[in-house]
Amino acid sequence: MNPDDSFGYDVAIDEAIVDPIALLRGWLAHCDGDVTPLMTLSTVDAEGYPDSRHVLLSRCDEEGRIAFHTDSRSRKAAELAANPRASVAVVWPGLARQLAVSGDVAVQQAAGQVEAYERRSRYLQLLAWLNDDAAAAATVEERQAGWAAFDAAHPALEPPSTWVGYALTPRRIAFWRGDADGPSNRLLCTRTDAGWDIARHPG
Ligand SMILES: Cc1cc2nc3c(=O)[nH]c(=O)nc-3n(C[C@H](O)[C@H](O)[C@H](O)COP(=O)(O)O)c2cc1C
């Protein structure tokens, strides 16, 4: 493994970790730089089956709460209303890292929702307004014409009423790390009443 891709910047592979939230924030900030990480988000459907899709990570705050944003009419929103638990997974194949976080999910404060919308690209701001059942049923020409007209008529946008943010509070965090010179290695951090229980597992 290239030394630049090793684990030197956060903790040595065998070093004890005392603050999983600091490591979580460090991985998310370091691994992606200015690029918004893409997460696999899994919720649980009404029959108890896992349901996965990808969403953009909006923010990981000082408490380690992981925010993402979606449409309040979506299936994931209905599933979270019925069962506010989820997991997210992020992989960085080039860095030989994987992060898996599960926990309880709550609707984000209104201020955080507006801030996240303002940080979205113009394309994604438009998408939040226009990606609905009517657009799905329209022809591609109709969709593109509606998009162009809406774009021209709304130079500045606020979040639509369907824009909703969620924050996942980590209950379990798995840090998976590859090692070109040996077996992969995983740190499993589980929140307890006393703090964090941290155990090392095979990758
Ligand atoms: C690269 C990429 C990024 C995406 N980001 C989001 C996102 O941030 N929020 C979102 O609601 N959907 C996002 N989607 C779409 C979701 O994967 C999903 O199709 C949609 O939210 C409907 O999911 P649901 O029916 O399971 O609720 C993204 C899709 C891709 C491919």
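Indexing begins at 1, ligand by ligand and atom by atom, following the structure's order.
Within the 4.0 Å cut-off (strictly below), a protein heavy atom is located near atom 14 (N) of ligand 1. Under the 4.0 Å distance rule, the nearest protein heavy atom to atom 31 (C) of ligand 1 falls outside the cut-off.
Protein heavy atom closest to atom 28 (C) of ligand 1, with residue, atom name and distance, is His54 O, 3.3 Å. Here the protein heavy atom with the shortest distance to atom 25 (O) of ligand 1 is Arg75 CB, 3.6 Å. Of the protein's non-hydrogen atoms, Leu56 N, 3.0 Å is the one closest to atom 8 (O) of ligand 1. Atom 9 (N) of ligand 1 has as its closest protein heavy atom His69 O, 2.8 Å. Nearest non-hydrogen protein atom to atom 18 (C) of ligand 1 is Arg53 CG, 3.9 Å. For atom 11 (O) of ligand 1, the nearest protein heavy atom (residue, atom name, distance) is Thr70 OG1, 2.6 Å.
Between the choices Met39, Lys76, Arg73, the shortest heavy-atom distance to atom 22 (C) of ligand 1 belongs to Lys76.
A salt bridge between Arg171 and Asp104 is absent, with no side-chain N of the basic residue lying under 4.0 Å from a carboxylate O of the acidic one. In summary, Glu79 and Arg53 engage in a salt bridge, as defined by a charged side-chain N under 4.0 Å from a carboxylate O. A salt bridge does not link Asp197 to Arg191: none of the charged side-chain nitrogens sits closer than 4.0 Å to a carboxylate oxygen.
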Verdict with reasoning, Asp151 to Arg122, per salt bridge (Lys or Arg N to Asp or Glu O under 4.0 Å):
CA-CA 9 Å; Asp151 185 11; Arg122 171 76 179 169; 2.6 Å; yes

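Here the closest heavy-atom approach between residue Arg200 and residue Arg177 is recorded as NH1-NH2, 4.2 Å. Pairing each heavy atom of Val90 with each of Trp92, the nearest pair is CG1-CZ2, 3.5 Å.
Stacking of Arg97 on the aromatic ring of Trp176 is not recorded, the 6.0 Å distance cut-off and the 45° axial limit not both being met.
Remark: ligand 1 and Val55 share no N or O pair separated by less than 3.5 Å (distance only, no angle test). Residue-to-ligand polar distances keep Asp71 apart from ligand 1: every N/O pair is separated by 3.5 Å or more.
Proximity to Leu38 (heavy-atom distance under 4.0 Å) selects the following atoms of ligand 1: 1 (C), 2 (C), 3 (C).
Between Trp147 and Tyr123, the distance from one ring center to the other falls under 6.0 angstrom.
Using a 30° and 60° split on the angle between ring planes, Trp129 and His154 fall in the parallel class, below 30°.
Contact annotation: for Arg120 versus ligand 1, heavy atoms closer than 4.0 Å belong to the side chain alone.
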